[in-house]
Amino acid sequence: MDLVKIAPNAKPPVVKIIDYGKYRYEQGRREKEAHKKQRTVEIKEVRLSPNIDTNDLNTKVSAARKFLSKGDRVKVTLHFRGREMAHVQNSKHILTEFAEAVADIAVVDKAPKMEGRSMTMVLSQKRQGAKS
């Protein structure tokens, strides 16, 4: 049996007389169990172009819905090439349409913003129980 500090920062410190090996083993098991239940959130990317057609946009929306339903965040990128850079403002509506199409299951984390030659927006799954 050993004298083990259970809560060293408490006033006064809490100590117990226990088997230290068993204490360390159980503490390790608790940490492993907590680590097992954690889930990493990935960011999936959906790339669009400014001259995308309605059906192509719907295909990309369904892919984004699949990612969102799995719990991942979705980065929607509208990439401009060459002369398309002259019509950036005319293409912003594509990202707003995309956001409206997935509005029932997703919220916009980062609003559409120009970064170099691409305009990006980040979507994440709506939280259950949150009032909208």
Side-chain angles (χ1 to χ4, degrees):
M1 299 301 251
D2 301 299
L3 186 66
V4 179
K5 280 186 179 179
I6 302 297
N9 297 333
K11 296 284 183 194
V14 179
V15 292
K16 275 189 179 178
I17 298 175
I18 54 174
D19 181 11
Y20 184 63
K22 184 178 178 184
Y23 170 73
R24 279 197 44 211
Y25 170 74
E26 287 176 354
Q27 195 175 26
R29 270 188 56 195
R30 276 195 300 268
E31 286 176 7
K32 265 188 189 174
E33 197 65 35
H35 186 70
K36 213 183 279 186
K37 292 179 182 174
Q38 287 180 348
R39 186 192 185 297
T40 56
V41 176
E42 292 184 32
I43 296 183
K44 302 284 188 170
E45 185 174 16
V46 175
R47 296 188 80 185
L48 309 172
S49 71
N51 55 356
I52 192 166
D53 199 26
T54 311
N55 291 326
D56 296 334
L57 186 66
N58 291 340
T59 304
K60 298 288 187 173
V61 166
S62 65
R65 282 180 174 278
K66 187 173 75 175
F67 295 146
L68 289 164
S69 66
K70 288 182 181 176
D72 297 324
R73 294 172 73 195
V74 177
K75 179 180 181 181
V76 184
T77 305
L78 185 62
H79 192 70
F80 298 97
R81 295 164 49 190
R83 286 255 178 104
E84 293 170 349
M85 286 297 291
H87 308 289
V88 171
Q89 294 307 319
N90 299 347
S91 302
K92 193 172 183 178
H93 71 90
I94 295 170
L95 289 179
T96 54
E97 282 179 28
F98 195 95
E100 288 170 5
V102 294
D104 57 327
I105 63 164
V107 291
V108 177
D109 279 353
K110 285 188 181 175
K113 180 182 175 188
M114 274 303 288
E115 295 172 356
R117 288 189 155 271
S118 56
M119 190 180 291
T120 58
M121 167 177 74
V122 178
L123 303 168
S124 67
Q125 191 176 20
K126 271 188 183 175
R127 298 281 169 237
Q128 266 60 26
K131 294 179 181 176
S132 50

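Bear in mind that the values here come from a model prediction, so they are computed numbers and not experimental data. The figures that follow rest on heavy atoms only: side chains count, while hydrogens, waters and symmetry mates do not.
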For the residue pair [X] and [Y], what are the closest heavy atoms and their distance?
| X | Y | result |
| --- | --- | --- |
| S69 | K66 | OG-O, 2.8 Å |
| E97 | L57 | OE1-CD2, 3.7 Å |
| K92 | P112 | CE-CB, 4.2 Å |
| H79 | S118 | ND1-CB, 3.8 Å |

Are [X] and [Y] packed together at the side-chain level, in the sense that at least one heavy-atom pair is separated by less than 4.5 angstrom?
| X | Y | answer |
| --- | --- | --- |
| L95 | V76 | yes |
| V108 | M121 | yes |
| L48 | I94 | yes |
| V88 | M114 | yes |
| I6 | I18 | yes |
| L123 | R73 | no |

At what distance, to the nearest 0.5 angstrom, does [atom1] of [X] lie from [atom2] of [Y]?
| X | Y | atom1 | atom2 | result |
| --- | --- | --- | --- | --- |
| I52 | L78 | CD1 | CG | 8.5 Å |
| E115 | T120 | CD | OG1 | 3.5 Å |
| K75 | E42 | NZ | CD | 14.5 Å |
| E45 | F67 | CD | CZ | 10.0 Å |
| K22 | Q27 | NZ | CD | 14.5 Å |
| I43 | S124 | CD1 | OG | 10.0 Å |

Do the side chain of [X] and the main chain of [Y] share a donor and acceptor less than 3.5 angstrom apart?
| X | Y | value |
| --- | --- | --- |
| D2 | Y20 | yes |
| T59 | N55 | yes |
| K126 | A103 | yes |
| R65 | A101 | yes |

M119 vs K113, side chain to side chain contact (heavy atoms under 4.5 Å, CB included): CA-CA, chis, key distance, verdict: CA-CA 5 Å; M119 190 180 291; K113 180 182 175 188; 5.9 Å; no
Cluster overlap V14 with V4, hydrophobic side-chain contacts below 4.5 Å: yes
Same cluster (ILVMFWY, side-chain, under 4.5 Å), F80 and F98: yes
Atom CD1 of I17 with >12 non-hydrogen neighbours under 6.0 angstrom: no
Any donor-acceptor N or O pair under 3.5 Å, side chains H35, E31: no
Derivation of the side-chain hydrogen bond (donor to acceptor under 3.5 Å, both in side chains) call for S91 and E84: CA-CA 9 Å; S91 302; E84 293 170 349; over 6 Å; no
